[in-house]
Each structure stands twice: as structure tokens, then as C-alpha cells.
Amino acid sequence: MPDQDDVKPDQAPAAAMAGRRATPRPTYAGPTVIRRPDTAHHVWGDPESGLVTDRVYVSSDTLHVLEFELAPGGEFRHSPTNKTVFAADVLYCVLAGELTVANPQYGEVQVVKAGETVLFGKGTWHHGFNPTQETLRVLEFFAPPPSRGTASLYARTQPDLAEVSYRDGRWRHRWPEAAAEQRAASRLRVIRADDALWGFASTSPSHLVGTLVDTEFLTVSVGRVQAGHVEDLQKVDDETLLVVTSGELWVDNRDEHTAEFGPACLHPGDAAFTPRSDQMRVLNRSAAEATYLIGSARPVPEGWTP
């Protein structure tokens, strides 16, 4: 669950910060490996909204990425202090378990299984539930990030949600005939592997990349790297975070300014941050396929406001 502190506690009015926990804002000057145990830990929420445990990988002026968990039976909703409505493109990638996500403003509910993702945009209220007996783990990509005023600062400008609904009555007596209409009207877009736009990362078919989301601000793809794969370094156009989801993957980064290499072996949950204009490549030295999720974000235009 994204933190909603757009500003540091000592910069915000006391009333606005009441009941808040300031979230760490990890940023990096150059290519950096982030081991899962070393992520910045945080607890989001309050008794009314629910409490969610976060692992923050990066939270810069361009990109915000974290992993959150919900225990069996866990949930998050919203409260006056923690409004779950943002001015950003947000992608939830379910790593383990099953997420039931709802738009309480319109009653839309979607079930997102492991390996699937759900995208929502600016102004979308959302609640999340884990009705299963398995811990739910979700990797979240968020851009423009909270540091640009897209989380709590934006949420404070939105009127409170007067009514909450978990059933969309617009399609009553018209289902499944209205399925196409419902998909067009959906604010919670579920994206499955079959929906990805697939291509090769280079000329080699042993590194396959499927684009899940490519918006004005955020691009997220899934990668599959076969055993023995090698490739040349490639320039990274946008600020990027790669998170390994299965197998063992080597990530090699070159800093644009120092020309130093930073090869590292990553396991599931480990990540590699690459600044804009630096170079990166992936290698698979194991005997099994490795997979990853990778998110990139672009700086917002000058003068942009949420």
C-alpha cells in the first residue's frame, strides 16, 4: 500500500500529519543493488483504514516502488487521515496469494491472482482484501510518485467518499451481454500474461520481455530470461527498478559517469536500481529460467501539477 506522506513530517502542518507515520524515501545516486531484507520497512494506515506492512525499494522524484503484504483475512480501506485516492498511475503486481480489489465509489470488484496485475489511474478510490488463507504479497509501481504531490496532498483535495459500495449494479439483468461495456467502463484494469505485448529484449530469443503497462508516466514489463543467456549492455532511457520474481539472475550496471561495472547475483525479492541514461544488462548463469518485473518512470514535465 503506498505511503501518503508527500512531504517530510517537519515540513507538514501538524493537523495534516496527525495519525501518520512518515515513510522512508530511499533514493540512490547511481546503480544500486537492493536486497529484499534491506528494503526500508514501514507500516501504513490506522485502525480505521487498516494496517499494511510495506517494504520500500525506491521513492524518488520520478518513481515509487514498494512491496506490501496482507495477512490472511487482512484488508485496507480508507479513513479521513489515509484516503486511498491518488493522482498517479498505479500498478499492483500480485506476487503471491490473491488480491480482491474494489473501487468503493462505483462498486467495481476485481479478483487478481498470483502472476496477474491490476492498473488504476488518477482519482480512483480503491480498497484491498485478502480473503484467503495465504499471505498476500503485492509489488506496487507508482508514478508520478508521492514526492510530486500525488498522494496525500492530492487526497486532501478530494471530498470524502459519502457512500461505499462493493457491488456494481449498472449491469443488472444485462450480464454477460454487457461484458464489453463493463470492460470499457472499468477503472480497475486487470492485466494478465496473455494481455502482455511480447518482444525480444535484444536479437536473442532467450530474453523475452512483455509490456504490461505503458502510460505517459509509467512503464512496467515482465521479463523471462532463459538459462545461459548473455547480452550486451543497453542504455536505460528512464529511471528503472528491476525486481527478480523467480530464479537466479545476474544484473550488470554501468554508471554513465564513472564507467564502473556493478555485477551482482539477484534472487527473488532482490532488486537493481538503474538511473536514467546509465547502462544495464541481465545474465543467467544458472540452469533454469529466471523471471523479473521491471518498472520505469519519466520525469514529469516542467510546471506539471497533480
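The shown structure was predicted, so the numbers you read here are calculated from the model rather than taken from an experiment.
The aromatic ring centroids of Phe86 and Phe120 lie 6.0 Å or more from each other. The ring of His207 has its center closer than 6.0 angstrom to the ring center of Tyr292. Between Tyr57 and Phe141, the ring center distance fails the sub-6.0 Å criterion.
Evaluation of the side chain to side chain contact (heavy atoms under 4.5 Å, CB included) rule for Arg187 yields Asn103, Tyr106, Glu108, Thr124 as partners, not counting sequence neighbours. Legend: residues meeting side chain to side chain contact (heavy atoms under 4.5 Å, CB included) with Ala179, ordered by chain and number and at least two apart, are Trp175, Arg183. In this structure Glu75 satisfies the salt bridge (Lys or Arg N to Asp or Glu O under 4.0 Å) test together with Arg77, sequence neighbours excluded.
The pair Arg298-Asp237 does not count as a salt bridge, with every side-chain nitrogen at least 4.0 angstrom from each carboxylate oxygen. A salt bridge between Glu67 and Arg137 is present, with a side-chain N of the basic residue lying under 4.0 Å from a carboxylate O of the acidic one. A salt bridge does not link Arg192 to Asp194: none of the charged nitrogens lies less than 4.0 Å from a carboxylate oxygen.
Summarising the geometry of Ser147 relative to Ser60, their closest heavy-atom pair is OG-O, 2.8 Å, with the distance given to 0.1 Å. Of all heavy-atom pairs between Gln279 and Thr274, the closest is O-CG2, 4.2 Å. Heavy atoms only, all atoms of each residue included: Asp270 and Arg36 are closest at OD1-N, 3.1 Å. Residues Val85 and Ala155 approach most closely at O-CB, 3.6 Å, considering heavy atoms. Scanning all heavy atoms of the two residues, the minimum distance from Thr245 to Pro268 falls at O-CB, 4.0 Å. Pairing each heavy atom of Ala88 with each of Ala143, the nearest pair is CB-O, 3.6 Å.
Atom CG of Leu242 and atom CD1 of Ile294 lie 4.5 Å apart (nearest 0.5 Å). Remark: Leu136 CG to Leu99 CG distance equals 5.5 Å, nearest 0.5 Å. To the nearest 0.5 angstrom, Asp232 atom CG is 8.0 Å from Ser202 atom OG. Separation of atoms CG (Leu95) and CD (Glu69) is listed at 9.5 Å; rounding is to 0.5 Å. Atoms CG and OG1, on Leu70 and Thr135 in that order, are 9.0 Å from each other to the nearest 0.5 Å. Taking CD from Glu140 and CG from Leu91, the interatomic distance works out to 9.0 Å, rounded to the nearest 0.5 Å.
Classification of the His126-Tyr92 ring pair by plane angle, with boundaries at 30° and 60°, yields perpendicular.
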Going through the checks in order, is the side chain to side chain donor-acceptor pair (under 3.5 Å) test met by His78 and Ser49?
CA-CA 4 Å; His78 72 274; Ser49 63; over 6 Å; no

Take Thr211 and Asp214 through the test side chain to side chain donor-acceptor pair (under 3.5 Å) and record every step on the way to the result.
CA-CA 7 Å; Thr211 302; Asp214 191 8; 6.0 Å; no

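The hydrophobic clustering, which links ILVMFWY residues whose side-chain heavy atoms are closer than 4.5 Å, places Leu241 and Phe142 apart. In this structure, Leu293 is a member of the same hydrophobic cluster as Phe273, with clusters built from ILVMFWY side-chain heavy atoms closer than 4.5 Å.
Only one option out of Arg224, His229, Gln226, Glu231 pairs with Ser206 in a side chain to side chain donor-acceptor pair (under 3.5 Å); it is His229.
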